[in-house]
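One structure below.
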Amino acid sequence: MELDFGPAVRGFRDEVRDWLADHLVGDFAENRGVGGPTDGAAWEVRLAWDRELSAGGWLGIGWPQEYGGRGLGLLEEIVFEYEYARVNAPYRATVNALDLLGPMLLKVGSDAQKKRFLPPILAVEELWGQGFSEPGAGSDLASVRTRAERDGDEWVVSGQKVWTSFGIHADWVYVLTRTDPQSARHKGLSMLLVPTDQPGVEIRPIRNLAGQDEFAEIFLSDARTGADMVVGEVGQGWRTAMATLGIERGTTLLPQQLAFEREAEALIDLARARGALDDPMLRRRIVDAWISVRIMRTTNLRTIAELTAGRTPGAQATTAKLYASTRHQQLGQLATELAGPAGQIVGEDYALDRRQRSFLLALAETIYGGSSEIQRNIIGEQVLGLPKEPRP
């Protein structure tokens with residue numbers, strides 16, 4: 001895939017390409033494409049790569065210079081993400097802070113919070129986890145039961161969070177919690193920043209189907225954080241959370257979409273090697289898989305066009321997430337079928353090859369970031385104008 005973003009950023013594009021060519025070497029080059037939103041593979045290498053990016057000034061390039069960023073525009077950010085994905089660089093270990101918390105603080109955080117937290121994020125000195133989902137409150141975040149009570153100059157937080165990506169590495173978590181005990185659903189929620197290195201915070205890894213433990217559950221038992229650690233207004237945490245998820249729907253699908261294209265190309269190579277293209281039924285499924293990744297590209301370009309025009313992405317952001325997650329699962333299923341019995345054999349200590357790991361991890365894509373059921377509800381209610389789903 002090759003895109004030209006115009007003459008205004010060609011010099012910047014060339015700078016990105018030259019830097020990546022000079023620095024994506026050694027262990028970093030050996031781990032091209034490693035990692036993902038639910039893949040904690042080669043963690044230490046990826047963390048070292050993030051520090052390499054930080055030293056080169058490539059983290060937070062759109063963030064203000066006073067916080068350690070480069071103060072560039074959205075188009076430069078998109079060009080960087082595209083070039084980064086094009087060379088199949090390792091998935092950034094600090095993605096929670098870079099793509100979600102940082103933009104949230106820039107949008108609604110206090111000046112003191114920005115000065116305190118943004119520079120360490122860009123210097124890769126503090127790692128963050130997201131404390132949103134709970135048992136019984138996953139896609140339906142308005143049902144959160146984690147509570148925080150004010151005690152003088154501190155908040156006292158109790159509850160349980162689950163499915164925190166890379167939570168075992170987190171120095172801090174941003175936690176959606178209920179600060180008004182009389183409230184229900186979307187009201188009375190607040191976004192708190194909570195340090196993990198304290199009594200009352202226990203983080204337990206969750207091992208997934210691929211044998212990895214990048215997910216974690218977090219138990220908060222009278223954990224404490226400062227009264228000034230509320231992001232946005234007290235009681236307006238739902239608005240803050242939705243702003244964060246809106247950021248997540250922006251350009252974060254672009255690297256994934258390029259990875260899916262590479263998987264589709266590898267699928268075609270595998271089909272040729274096994275003579276599967278001679279089977280008309282399999283050939284049709286392979287062509288359909290290739291068409292699906294081209295549709296993902298088109299939808300992503302529409303989203304980028306909305307962002308560069310200064311508009312919030314519309315329905316295509318939701319449809320893109322729904323389409324990409326379901327079709328990627330089908331792509332992995334087809335690749336596994338084409339691999340035959342060899343595709344079901346794992347290495348020593350359950351070591352998986354890249355195709356097997358992608359297939360297993362894709363099973364979670366229709367859940368995290370908003371389940372497919374929730375996405376369909378959004379499309380039905382907000383796009384098609386259908387009646388809202390009844391609540392108990």
Side-chain angles (χ1 to χ4, degrees), residues 31 33-47 49-50 59 81 85 89-105 117 121 124 126-135 137-139 141 144 146 159-177 191-196 201-220 231 240-241 244-256 259 321 324-325 328 352 357-358 360-372 374:
N31 286 276
V34 166
T38 60
D39 186 351
W43 177 261
E44 293 301 326
V45 173
R46 289 161 55 194
L47 201 57
W49 172 242
D50 279 15
L59 298 184
E81 291 296 342
Y91 190 84
R92 291 188 286 272
T94 51
V95 65
N96 260 325
L98 288 170
D99 291 355
L100 297 174
L101 175 71
M104 177 176 70
L105 289 178
F117 293 113
I121 288 173
V124 198
E126 291 179 339
L127 302 181
W128 285 80
Q130 183 188 81
F132 279 15
S133 296
E134 298 180 6
S139 294
L141 280 179
V144 298
T146 296
Q160 179 184 355
K161 296 295 180 178
V162 73
W163 308 123
T164 300
S165 297
F166 315 128
I168 58 175
H169 305 288
D171 301 301
W172 288 75
V173 289
Y174 49 107
V175 180
L176 185 63
T177 181
M191 186 73 70
L192 300 183
L193 309 179
V194 180
T196 62
V201 178
E202 181 183 1
I203 302 177
R204 300 178 187 172
I206 300 174
R207 192 165 295 276
N208 65 19
L209 284 172
Q212 299 177 345
D213 57 2
E214 74 282 350
F215 282 129
E217 53 184 342
I218 302 177
F219 296 87
L220 304 164
V231 182
T240 303
T244 305
L245 294 176
I247 294 165
E248 189 177 20
R249 293 286 190 270
T251 60
T252 52
L253 280 177
L254 181 59
Q256 282 184 294
K321 196 277 179 186
S325 59
H328 186 222
L352 303 172
R357 188 168 62 248
S358 176
L360 291 174
L361 293 175
L363 299 177
E365 290 175 9
T366 49
I367 300 174
Y368 68 72
S371 70
S372 292
I374 294 297

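These numbers come from a predicted model, not from an experiment.
Remark: side-chain polar atoms of T164 are paired, donor with acceptor, to backbone N or O of Q130 under 3.5 angstrom. Counting only distance, with no hydrogens or angles, the side chain of E365 and the backbone of H328 share no donor-acceptor pair below 3.5 Å. The closest donor-acceptor contact from the side chain of R204 to the backbone of E217 lies at 3.5 Å or more, if one exists at all. Side-chain N or O atoms of N96 include one that pairs as donor or acceptor with a backbone N or O of S165 at under 3.5 Å.
With sequence neighbours excluded, the residues forming a side chain to side chain donor-acceptor pair (under 3.5 Å) with D50 are T94, listed by chain and number. Evaluation of the ring pair (Phe, Tyr, Trp, His ring centres under 6.0 Å) rule for W43 yields F166, H169 as partners, not counting sequence neighbours. Partners of T177 according to the side chain to side chain donor-acceptor pair (under 3.5 Å) rule, which considers only residues two or more places apart in sequence or in another chain, do not exist here.
Rounded to the nearest 0.5 Å, atoms CG (L98) and CZ (R92) are 6.5 Å apart. The distance from the OG atom of S133 to the CG atom of L176 is 10.0 Å, given to the nearest 0.5 Å. The distance from the OG1 atom of T366 to the NZ atom of K321 is 6.5 Å, given to the nearest 0.5 Å.
The side chain to side chain contact (heavy atoms under 4.5 Å, CB included) test with M191 singles out one residue from L101, T240, V175, and that residue is T240. Between I168 and the options T196, I203, L127, I206, a side chain to side chain contact (heavy atoms under 4.5 Å, CB included) holds for only I203.
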